[in-house]
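A short write-up of the structure that comes next.
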Amino acid sequence: MGRRGGHDKGWFQLDNAAMMYSAIQSGNYSAVYRFSAVMTKEVDTQALQRAIDRTLPRFPGFHVKIRKGVFWYYFEPDDSPGPFLQKDIQNPCQPVYFQNKDQLIRFFYYRHRISMEVFHALADGGGALVLFKTLLAVYLRELGEEIPNQEGILDVEEAPDPQEWEDAYARYTRKRVRLGRSDPKAYPCTGTPEPFYTLNVTMGFVSVQALRQVAKGHGASITEYLAAVLIQSILARQRREGRRRELPVALAIPINLRPYFPSRTLRNFILTVRPSIDPELGDYTLEEIISQVHHHMRLHINRQEMQGVITRNVFFQRFLPLQLIPVPVKNFVVDLAYRLAGNRPYSTTYTNPGAFRVPKEMEPHIQHMEVVLGQSYAPRVNCASISYGDTMEITFAGTVKETDVERDFFRTLVRDGLHVKVTSNRRE
Amino acid sequence: MSYCVNCGVELDKDAARCPLCQTPVVNPVCPVDTTIPPNFPVERREVEPVNRRELALLLTAMLGCAGGCCVLLNVLFWWREMPWSAIVAGACAMLWVWTVVPLLLRRVPSLVLVGLDLLAVAGFLYLIALAVDGLDWLVRLALPIWFGCGVVLLFLWYILPRRSILSRCMLILGGCVVLMLWLELCIDLFLGSYQPMWSIVVAAVGLTLVLPLLVIRYRPDLRREVRRRFHF
Ligand SMILES: [Zn+2]
């Protein structure tokens with residue numbers, strides 16, 4: 001097993017994205033996200049716990065502890081029992097603490113809903129969804145259903161495949177590094193912070209068919225359309241604030257790299273693109289914003305440019321003088337840089353892991369899927385969406401009191417003739 | 001099922017208000033159903049904020065122990081005539097203010113904390129002066145220098161965070177120049193008469209560095225050009 005020596009001893013190094021997420025994680029912030037499946041029947045907790053116990057050995061990369069070495073963090077297999085299914089709570093995506101015996105992956109149930117929370121250093125949404133889909137299949141098998149291993153469901157009887165735990169960033173680096181230019185500052189879109197630790201979640205449900213029609217009418221894909229509507233809501237918010245000089249509004253949209261660079265890894269393998277609109281250039285109509293987003297994404301999502309960014313990131317990670325700096329110092333610097341620059345070029349994040357496809361046999365058992373991005377580094381709201389069958393679920397989650405971004409967003413969808421159903425965990 | 005009259009979105013059956021705009025739901029045909037279980041769990045889990053008390057306690061114990069032991073040794077054994085332990089104890093107290101106070105007062109603005117740190121330094125200087133009979137140099141040399149450093153530090157601390165990189169460079173350079181001028185003034189006055197020498201040189205160098213920055217800062221096209229060249 002393993003091309004790297006460390007594999008024999010059981011530990012493995014963090015990939016490029018994971019290093020960043022671990023370094024910026026702190027007492028009141030961690031990059032945690034949640035996937036939920038709302039089933040048609042209430043959750044059978046014992047069957048689900050059995051399913052977790054049967055599924056996780058197939059996914060060793062998720063059952064790990066994070067350890068702090070002198071020069072870097074590393075993952076170590078976790079031999080303690082668990083993770084254990086917990087009762088769901090109102091404020092999801094709580095931070096993880098490295099010091100405690102805190103699990104980096106958590107499972108919850110509430111009535112019909114099965115939820116899984118993952119610390120972003122372990123895997124990106126694409127990888128986590130493979131685990132979640134497999135878990136749901138094993139759970140349904142525990143309930144006596146016949147579920148085939150199709151549509152990306154892994155066979156839990158098989159031994160884990162080392163290729164699923166490769167650091168795909170490292171594989172796709174080029175020889176030559178070209179240092180990039182940093183992005184300009186974007187409108188921060190922050191609001192009144194809620195008391196520690198609250199996460200306000202607002203979900204909207206839209207028909208995928210209808211949404212595709214509307215997006216097509218604008219000449220864009222669903223992701224591009226939703227991103228453009230989000231940009232428009234944030235632009236309107238900035239306008240209401242009445243700034244003397246308005247800043248560009250830019251989104252961070254994570255792109256799954258697997259379609260462009262073949263890899264079977266379940267760990268992080270994403271990059272972000274950054275469509276932006278500068279209101280100083282004049283007012284944009286929704287049509288124009290959609291066109292900007294559409295063309296930006298088509299222009300910048302290409303193998304060469306993305307490989308350049310991967311090479312640059314990995315270069316910094318492997319740069320020996322940087323490696324020799326002890327972890328606390330490195331964390332401090334990365335954290336500071338993230339505080340000063342990393343989060344600044346983006347107004348917020350919008351992520352769309354795409355359609356959740358399951359074998360026909362599973363379809364009658366799942367009502368819809370949900371996704372929640374945990375809190376942002378700054379008090380602001382971020383957006384995520386996932387589709388299953390004909391239901392597109394769009395979540396706004398954040399630690400702010402205001403609701404204006406999501407309000408304008410859903411009102412725009414309604415104005416475009418879409419039926420939106422809204423639900424929230426806010427209590428007044 | 002009800003719709004928000006403001007937003008036009010469908011709401012949960014048990015929603016009393018629209019979660020987007022807080023408009024109350026008033027629907028005589030379909031009143032708010034409070035009997036069905038809510039869509040999200042109501043139970044909250046409170047995570048404890050990271051516990052800094054323990055660290056504060058540990059540091060307090062360490063510093064207190066070091067200071068206390070020295071005082072004890074001083075009183076019982078070594079050089080009883082000279083209160084050297086007072087200096088060690090004072091240093092411990094100063095370190096305590098520097099490290100433990102920020103841990104305890106997390107909501108106090110950092111400017112106040114820096115002010116407290118400076119006061120701790122002043123107290124320590126006073127202690128040294130008392131211990132070595134040097135009230136004269138304390139009043140005439142140490143305190144003026146301390147005052148100058150304090151003013152410049154507090155000013156920079158207050159003004160730096162909201163500035164661009166260029167302005168920061170200028171302000172730090174300017175602060176250094178002012179500090180050097182003040183330093184020489186204090187030293188010269190302590191030694192005799194004021195004859196500015198080296199601080200003038202420092203000031204000249206500082207100003208020659210600041211001036212181009214000033215020009216760049218206030219000429220937008222020049223600034224853009226510099227940004228383009230240096231990638232920031
Ligand atoms: Zn409303």
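We name chains A, B, ... by the order of the sequence lines, and we start the count at 1 in each one.
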Original post:
For Arg113(A) and Asn39(B), does a side-chain donor sit closer than 3.5 Å to a side-chain acceptor?
Top reply: yes
Subject >> Residues, nucleotides or ligands: over 12 heavy atoms within 6.0 Å of Glu280(A) CD >> reply: yes
Original post:
Does a side-chain heavy-atom distance below 4.5 Å link Pro41(B) with Ile89(A)?
Top reply: no
**OP:** Might you point out which heavy atoms bring Leu20(B) and Arg407(A) nearest each other, and give the distance in Å?
**Re:** O-CD, 3.5 Å
Original post:
Rounded to the nearest 0.5 Å, how far apart are SG of Cys21(B) and CG of Asp408(A)?
Top reply: 11.0 Å
Original post:
So is Arg111(A) actually on top of Phe40(B)'s ring, under 6.0 Å and inside 45° of the axis?
Top reply: no
Original post:
Of the backbone (N, CA, C, O) and the side chain (C-beta and beyond), which part of Phe108(A) lies under 4.5 Å from a heavy atom of chain B, both, or neither?
Top reply: side chain
Subject >> Side chains of Arg411(A) and Val9(B) in contact at under 4.5 Å (non-hydrogen atoms) >> reply: no
**OP:** Could you tell me the separation between the CZ atom of Phe410(A) and the SG atom of Cys18(B), rounded to the nearest 0.5 Å?
**Re:** 10.5 Å
Original post:
If you tally heavy-atom pairs under 4.5 Å against chain A, which of Ala15(B), Gly8(B), Pro38(B) wins?
Top reply: Pro38(B)
**OP:** Answer yes or no: is there a side-chain heavy-atom contact under 4.5 Å between Pro19(B) and Val422(A)?
**Re:** yes
**OP:** Against chain B, label Thr202(A) side chain, backbone, both or neither, depending on which of its atoms sit under 4.5 Å from a heavy atom there.
**Re:** side chain
**OP:** Name the region of Val414(A), side chain, backbone, both or neither, that has any atom closer than 4.5 Å to a heavy atom of chain B.
**Re:** side chain
Subject >> Crowding at CH2, Trp146(B) (>12 non-hydrogen neighbours, <6.0 Å) >> reply: yes
**OP:** Check whether more than 12 heavy atoms from other residues, nucleotides or ligands sit under 6.0 Å from atom OH of Tyr126(B), and answer yes or no.
**Re:** no
Original post:
Side chain, backbone, both or neither: which part of His419(A) has a non-hydrogen atom closer than 4.5 Å to chain B?
Top reply: side chain
Subject >> Heavy-atom neighbours of Lys421(A) NZ exceed 12 at 6.0 Å >> reply: yes
Original post:
Do Arg44(B) and Asn91(A) come close enough that some side-chain heavy atom pair is under 4.5 Å?
Top reply: yes
Original post:
Is the count of non-hydrogen atoms from other residues, nucleotides or ligands lying under 6.0 Å from Lys87(A) atom NZ greater than 12?
Top reply: no
Subject >> CA sep, side-chain torsions, deciding dist, call: Glu43(B), Gln90(A), side-chain contact (heavy atoms from CB on, under 4.5 Å) >> reply: CA-CA 6 Å; Glu43(B) 186 192 338; Gln90(A) 196 220 344; over 6 Å; no
